[in-house]
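Before any comments, here is the structure.
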Amino acid sequence: MGNHHIPHPKGNPGKLIVLTGPSGVGKGTLVQMLLKKYPEIYLSISATTRKPREGEVAGQSYYFVDRPEFDRMVALGQLLEWAEFTGNCYGTPRLPVEERIARGDWVVLEIELEGARQVRQTFPEAYRLFILPPSIDELESRIRGRGTESEEAILKRLDRAKAEIDSANEFDVQIINDDLDAAFGRLEVALFAKTAALSGAAG
Ligand code: ADP
Ligand code: 5GP
């Protein structure tokens with residue numbers, strides 16, 4: 001992985017990478033580390049009916065839409081997958097993902113469990129990873145420490161987290177986000193080991 005260059009031989013098909021895990025586990029943090037180190041990876045920008053958090057930028061963090069607009073995207077088949085999560089809708093715009101994969105790029109979806117299950121049906125070749133917390137207590141303190149949700153939303157997310165964690169073994173790889181740098185290292189190994197072995201070089 002020396003020069004941080006993803007092996008990208010001509011004709012190599014793109015790759016769809018799905019990152020799932022309970023709210024607050026550190027998915028967003030790990031994805032941002034990945035994009036910083038490998039800027040050629042494309043992170044899909046989701047549509048959501050959730051209200052923007054402080055500091056979130058429309059069109060970068062999410063496409064913030066109202067419910068009728070979201071329903072319209074669903075009806076027109078514009079979403080690759082979508083799900084309701086603790087009272088709001090979230091979905092992946094199909095076109096940018098399909099275009100990037102066709103070009104041979106690596107595309108990352110950072111989505112919750114129900115959406116990841118849909119992707120398994122529609123994109124069986126997707127590589128699906130599940131990020132686990134070291135414990136529920138640690139998960140709770142991370143969600144609280146982030147300071148972005150109301151008490152009600154925190155409790156809903158923790159409730160949902162328990163159910164999601166029970167499904168971790170549906171995924172190709174499980175990564176425990178205990179120490180952040182160690183977890184990032186495991187993520188890199190999971191993403192690059194196979195490709196590096198095939199190309200006979202470390203990238
Ligand atoms: P998610 O995207 O899964 O909801 P975030 O990436 O927003 O989670 O992380 C939730 C909070 O936990 C953030 O405040 C983040 O800085 C913190 N965090 C992430 N990874 C770790 C870690 N390994 N150890 C301690 N705190 C972490
Ligand atoms: P948040 O409100 O914390 O940004 O996101 C809540 C949950 O929705 C997270 O687990 C996040 O991964 C997930 N999510 C974000 N975008 C999408 C999407 O496009 N589809 C699905 N299914 N889940 C998403």
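Both ligands and their constituent atoms are indexed starting at 1 by order of listing. What you are looking at is a predicted structure, and each value in this text was computed from that prediction instead of being measured.
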Close approach of Lys27 to ligand 2, heavy atoms, under 4.0 angstrom: yes
Does Gln118 have a heavy atom less than 4.0 Å from any atom of ligand 2?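 Contact check Gln118 vs ligand 2: negative.
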Working for side chain to side chain contact (heavy atoms under 4.5 Å, CB included), residues Leu109 and Leu80: CA-CA 11 Å; Leu109 309 186; Leu80 189 67; 4.2 Å; yes
Parallel, tilted or perpendicular, judged at 30° and 60°: which one describes the rings of Phe192 and Trp106?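 Aromatic pair Phe192/Trp106 classed parallel.
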Selection from [options] by shortest heavy-atom distance to [atom]:
{"atom": "atom 8 (O) of ligand 1", "options": "Gly21, Gly26, Pro22, Pro133", "value": "Gly26"}
{"atom": "atom 3 (O) of ligand 2", "options": "Arg117, Arg53, Arg50, Glu81", "value": "Arg53"}
{"atom": "atom 19 (O) of ligand 2", "options": "Gly28, Ser46, Ala83, Gly24", "value": "Ser46"}
{"atom": "atom 2 (O) of ligand 2", "options": "Trp82, Tyr90, Phe85", "value": "Tyr90"}

[atom]: the protein heavy-atom neighbour that sits closest, reported with distance to 0.1 Å:
{"atom": "atom 20 (N) of ligand 1", "value": "Asn177 ND2, 3.1 Å"}
{"atom": "atom 2 (O) of ligand 1", "value": "Gly28 N, 2.8 Å"}
{"atom": "atom 10 (C) of ligand 1", "value": "Gly24 O, 3.4 Å"}
{"atom": "atom 7 (O) of ligand 1", "value": "Arg146 NH1, 2.8 Å"}
{"atom": "atom 25 (C) of ligand 1", "value": "Arg142 NE, 3.5 Å"}

Heavy-atom contact check, 4.0 Å cutoff: does Asp178 meet ligand 1? yes
Could you check whether any heavy atom of Ser23 sits closer than 4.0 Å to an atom of ligand 1, since that is the contact criterion I want to use? yes
Verify the neighbour count for atom CD of Glu151: are there more than 12 heavy atoms of other residues, nucleotides or ligands below 6.0 Å? yes
Can you see whether [X] engages [Y] through a side-chain donor-acceptor pair at a distance of less than 3.5 angstrom?
{"X": "Arg117", "Y": "Ser167", "result": "yes"}
{"X": "Thr148", "Y": "Arg146", "result": "yes"}
{"X": "Glu188", "Y": "Tyr38", "result": "yes"}

Any N/O of Thr29 closer than 3.5 Å to an N/O of ligand 1?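 Yes.
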Say whether Gly145, considering both its backbone and side-chain N or O atoms, lies within less than 3.5 Å of an N or O atom on ligand 1. no
Nearest heavy-atom neighbours spanning Ile175 and Ala183: CG2-O, 3.9 Å
Looking only at distance, does [X] have an N or O less than 3.5 Å from an N or O of ligand 2?
{"X": "Glu112", "result": "yes"}
{"X": "Ala47", "result": "no"}
{"X": "Tyr62", "result": "yes"}

Might you work through the side chain to side chain contact (heavy atoms under 4.5 Å, CB included) test for Val97 and Thr92, ending with a clear yes or no? CA-CA 8 Å; Val97 171; Thr92 303; 3.8 Å; yes
Looking at Pro133, is its backbone amide N or carbonyl O close enough to the side chain of Asn177 to form a donor-acceptor pair, meaning the two atoms are under 3.5 Å apart?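 Flag not set: sc Asn177 to bb Pro133 has no pair under 3.5 Å.
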Heavy atoms only, cut-off 4.0 Å: how does Glu84 contact ligand 2, side chain, backbone, both, or neither? neither
Check the pair Asp178, Arg186 against side chain to side chain contact (heavy atoms under 4.5 Å, CB included), reporting the backbone distance first and the verdict last. CA-CA 11 Å; Asp178 39 19; Arg186 286 181 220 124; 3.4 Å; yes
In Trp82, Tyr63, Tyr62, Phe64, the residue satisfying ring pair (Phe, Tyr, Trp, His ring centres under 6.0 Å) with Phe70 is Trp82
